[in-house]
Visitor: 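Before I ask anything, here is the structure I am working with.
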Amino acid sequence: MEDSEQDTLHIAYTNDIHSHFSAMERIAEMVEQLRAQYGSSLLLLDIGDHMDRAAVETEGTLGQANVDMLNLTGYDAITIGNNEGLTFTLEMLQQAYSGLICPVVCGNFREYATGEPPSWMNERLIIERGGMRIGLIGATAAYPLLYNLLGIEAMDPIAAIAAEVRQMRSEVDLIIVMSHLGLQVDEEMAARIPGIDLILGGHTHHLLEVPLVIGDTTISAAGKYGQYLGLITITRSKATGKPVVTAGRCIPVDEGAGSEAIRQALEIHRAAADERMNTEIAYTDRKLELDEKYESESPFANFLAQAVRRHTDTEISLVNSGQLLGELPQGEITWGMLHQLCPSPINPCRLLLTGEDILYTLEQSLLPEWTGRAITGFGFRGKVLGGICVDGMEIIYDPSREPYQRIIQASIQGVPLRQEQTYAVGTLSMFTFGNGYERIKTGKDIVYMLPDFLRDLLRHELQVPGALEQCRLNRWIPLGK
């Protein structure tokens, strides 16, 4: 083992792993090797979005599998990302983190009920490592409207971090911000807030193989999905006595043997997850097909649209078929099947949308450059965007006409759509952030419906009498049919 010099600190970190458990096995092995090399001068941090409920292990154990990975790898501190904060309730997080050995650090997260951080969260943390007194500050991306529905106040992260820096600066040698805020915000922080030595970033999945320096602040980030392990070296300057970043890189996480302890723990969690996910929730007497190219309407896509309209209690629903990854089989339906077919942790919402914007969205849905568009972010875990599936509407169209002129008539409950009129629409949270069909973002009076996911709505729709028959009725009628 390398001599642990009292004026040198090595910081290994991960961000946006999103429950890529195979990468965690290898990362744990790499961390073991770094500890053998650097000894007690190594600090290990995670910058959020470690959990992702699209993974069966995470969904089936409600995050317990992730907590075990953090414990077995030996993290010194973590912060939370939006995948932890928005896809789990406070009660779920309390249960998951009750077994976490290391501290959770986040300074812009409060419970409405108490006005304080949850019992499992620290506003700030001071650690001594490598002969240095280190102040850790964490922050997560604020989505106030969404967090409010979960009983959480997500405060302005820059204001919260600035206050923490002012309070801690005189108490520590080094201030590190664990920022699940995105690169643009990290750059703004570095320019606006004096006193930050190092920002370790995440959220926007950016990879900085060479650290970015703005003023006296160094910014680094290690991409996504555990593809890289970040490593920063900080040495105390003999001239000034102040800590200085002397090296920074992102180490590719290549295939390797991996940690045996992690592998064994994962096998146990997968078995537990499978047992929970194999619970039968419904039985169907017919198969619900799905268009494999996501271009045309199909019974399963219509079924999803029905579920959203029923849940949001609206006139119509607009949902993209790309949320579904396969057809719903005939016979026994388990929770695991719905999770596999609809893995995205996306919530329904209702809003007011003009007829003009509805019509424009429907016209886009007839274009292959939209239905086949690959998209990422805001919870989407599908392959391509897919076409718009609707409920409460009938659309007559001519596929031979010019783009954006193909719809002959769109009717709502038998009444022709009026472009200047406003309608109550059930749709998806990701659209309101501009991801996918962008005109839906213009909707007003948005009401998000957390913590329900689309697969929760599918489960409820399976219990509705006649729903399986209704979804076979066509909503999109080609001219002449």
Visitor: List the steps and the verdict of side chain to side chain donor-acceptor pair (under 3.5 Å) for Q33 and Q37.
Guide: CA-CA 6 Å; Q33 294 167 354; Q37 183 177 359; over 6 Å; no

Visitor: Answer whether the closest heavy-atom distance between the side chains of M69 and L266 falls below 4.5 Å.
Guide: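 In short, these two side chains touch, coming nearer than 4.5 Å.
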
Visitor: Given R53 and L62, is the side-chain contact (heavy atoms from CB on, under 4.5 Å) satisfied, shown in steps?
Guide: CA-CA 8 Å; R53 291 182 66 174; L62 294 178; 4.1 Å; yes

Visitor: Would you please test R350 and H311 for side-chain contact (heavy atoms from CB on, under 4.5 Å) and show each step?
Guide: CA-CA 9 Å; R350 62 173 172 258; H311 187 80; over 6 Å; no

Visitor: Can you confirm whether more than 12 heavy atoms, excluding those of R249, are under 6.0 Å from its CZ atom?
Guide: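 It does not: R249 CZ has 12 such atoms or fewer within range.
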
Visitor: As an exercise, state the distance from CZ of F303 to CG of L324, rounded to the nearest 0.5 Å.
Guide: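 Output value for this atom pair is 10.5 Å.
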
Visitor: Return the CD1 to CD1 distance between I161 and I199, rounded to the nearest 0.5 Å.
Guide: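 Those atoms lie 7.5 Å apart.
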
Visitor: Can you find a heavy atom in the side chain of F378 that is under 4.5 Å from one in the side chain of I346?
Guide: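 Answer no - side chains too far apart.
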
Visitor: Side chains of I137 and V105: closer than 4.5 Å at any heavy-atom pair?
Guide: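 No, too far: nothing below the 4.5 Å cut-off.
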
Visitor: For the pair R35 and E32, find out whether any cationic side-chain nitrogen is under 4.0 Å from an anionic carboxylate oxygen.
Guide: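 Judged by the 4.0 Å cut-off on N to carboxylate O distance, R35 and E32 do not form a salt bridge.
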
Visitor: Going by heavy atoms in the side chains, are I78 and L100 under 4.5 Å from each other?
Guide: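 Heavy-atom side-chain distance check passes, below 4.5 Å.
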
Visitor: Charged N to carboxylate O under 4.0 angstrom, R236 versus D7?
Guide: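 So R236 does not pair with D7 through a salt bridge.
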
Visitor: State whether a side-chain donor-acceptor pair under 3.5 Å links E188 with Q184.
Guide: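 Short answer, no.
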
Visitor: Any chance you could measure T140, atom OG1, to H203, atom NE2, to the nearest 0.5 Å?
Guide: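 One finds 7.5 Å between OG1 of T140 and NE2 of H203.
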
Visitor: I'd like to know if the side chain of S429 reaches the main chain of N347, judged simply by a donor and an acceptor atom lying under 3.5 Å from each other, with no hydrogens or angles considered.
Guide: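 At least one qualifying donor-acceptor pair exists.
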
Visitor: Distance check, rounded to the nearest 0.5 Å: I134 atom CD1 versus I234 atom CD1?
Guide: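 Going from CD1 on I134 over to CD1 on I234, the span is 7.5 Å.
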
Visitor: Any salt bridge between D357 and K441, counting N to O under 4.0 Å?
Guide: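 Answer for the salt bridge query: no.
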
Visitor: How close do R133 and E171 get, heavy atom to heavy atom, and via which atoms?
Guide: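 Closest pair (atom of R133, atom of E171, distance): NE-O, 2.8 Å.
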
Visitor: Parallel, tilted or perpendicular, judged at 30° and 60°: which one describes the rings of F433 and Y448?
Guide: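 Parallel: the ring planes of F433 and Y448 meet at under 30°.
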
Visitor: Please examine the side chains of F109 and V104, heavy atoms only from C-beta on, and report whether any two atoms are closer than 4.5 Å.
Guide: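 Answer no - side chains too far apart.
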
Visitor: Surrounding CG of D216 (heavy atoms of other residues, nucleotides or ligands, distance under 6.0 Å), is the total greater than 12?
Guide: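 Atom CG in D216 is not crowded, with 12 or fewer foreign heavy atoms closer than 6.0 Å.
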
Visitor: Around atom CD of E255, are there more than 12 heavy atoms from other residues, nucleotides or ligands closer than 6.0 Å?
Guide: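 No, the 6.0 Å shell around CD holds no more than 12 heavy atoms from other groups.
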
Visitor: Just to verify, which of L72, I17, T73 counts as forming a side-chain contact (heavy atoms from CB on, under 4.5 Å) with M24?
Guide: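 In the set L72, I17, T73, the residue that makes a side-chain contact (heavy atoms from CB on, under 4.5 Å) with M24 is I17.
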
Visitor: Could you check E275, E57, E59 and say which one makes a salt bridge (charged side-chain N to carboxylate O under 4.0 Å, His left out) with R270?
Guide: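 Passing option: E57.
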
Visitor: Are side-chain N/O atoms of T14 and Y75 paired as donor and acceptor at under 3.5 Å?
Guide: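 There is such a pair between these side chains.
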
Visitor: Does the distance from a Lys or Arg side-chain N to an Asp or Glu carboxylate O, for K383 and E292, drop under 4.0 Å?
Guide: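 E292 and K383: not salt-bridged.
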
Visitor: Closest approach of A96 and M51, non-hydrogen atoms and distance?
Guide: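 Reported closest heavy-atom pair: CB-CE, 4.4 Å.
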
Visitor: Can you give me the closest heavy-atom contact between L90 and L150, atom names plus distance?
Guide: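 Result for this residue pair: CD1-O, 3.7 Å.
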
Visitor: Give a yes or no answer on whether the side chain of S41 reaches the backbone of H10 with a donor-acceptor pair at less than 3.5 Å.
Guide: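 No, because the side chain of S41 does not come within donor-acceptor range (under 3.5 Å) of the backbone of H10.
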
Visitor: Any chance you could measure I27, atom CD1, to E25, atom CD, to the nearest 0.5 Å?
Guide: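 Output value for this atom pair is 10.5 Å.
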
Visitor: Using the side chain to side chain donor-acceptor pair (under 3.5 Å) definition, which of the options N66, D52, D49 pairs with S19?
Guide: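 By the side chain to side chain donor-acceptor pair (under 3.5 Å) criterion, S19 pairs with just one of N66, D52, D49: N66.
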
Visitor: Parallel, tilted or perpendicular: which fits the ring planes of H18 and H205, with parallel below 30° and perpendicular above 60°?
Guide: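 Perpendicular.
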
Visitor: Can you find a heavy atom in the side chain of Q364 that is under 4.5 Å from one in the side chain of R373?
Guide: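 Q364 vs R373: side chains apart.
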
Visitor: Should the heavy atoms of other residues, nucleotides or ligands under 6.0 Å from CD of Q340 be counted, would the total exceed 12?
Guide: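 Atom CD in Q340 is not packed in, count stays at 12 or less.
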
Visitor: Which heavy atom in P368 sits nearest to a heavy atom in E295, and how many Å separate them?
Guide: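 P368 and E295 have their closest heavy atoms at CB-OE2, 4.3 Å.
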
Visitor: For L229 and V31, which heavy atoms make the closest approach, and how far apart are they?
Guide: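 So the minimum-distance heavy-atom pair works out to CD2-CG2, 4.4 Å.
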
Visitor: Would you please say whether a donor-acceptor pair under 3.5 Å links the side chains of H180 and N82?
Guide: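 Result is yes, a qualifying pair exists.
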
Visitor: Taking all non-hydrogen atoms of both residues, which atom of A222 and which atom of G230 are closest, and how far apart?
Guide: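 Answer, listing the atom of A222 first, then G230: CB-N, 3.8 Å.
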
Visitor: Rounded to the nearest 0.5 Å, what separation is found between the CG atom of L351 and the CD1 atom of I440?
Guide: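 Here the interatomic distance stands at 7.5 Å.
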
Visitor: I'd like to know if the side chain of S220 pairs up with that of Y13 as donor and acceptor (distance under 3.5 Å, no hydrogens or angles considered).
Guide: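 Side chains of S220 and Y13: pair found under 3.5 Å.
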
Visitor: Parallel, tilted or perpendicular: which one describes the rings of W120 and Y97, with boundaries at 30° and 60°?
Guide: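 Judged by the thresholds at 30° and 60°, the geometry between W120 and Y97 is tilted.
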
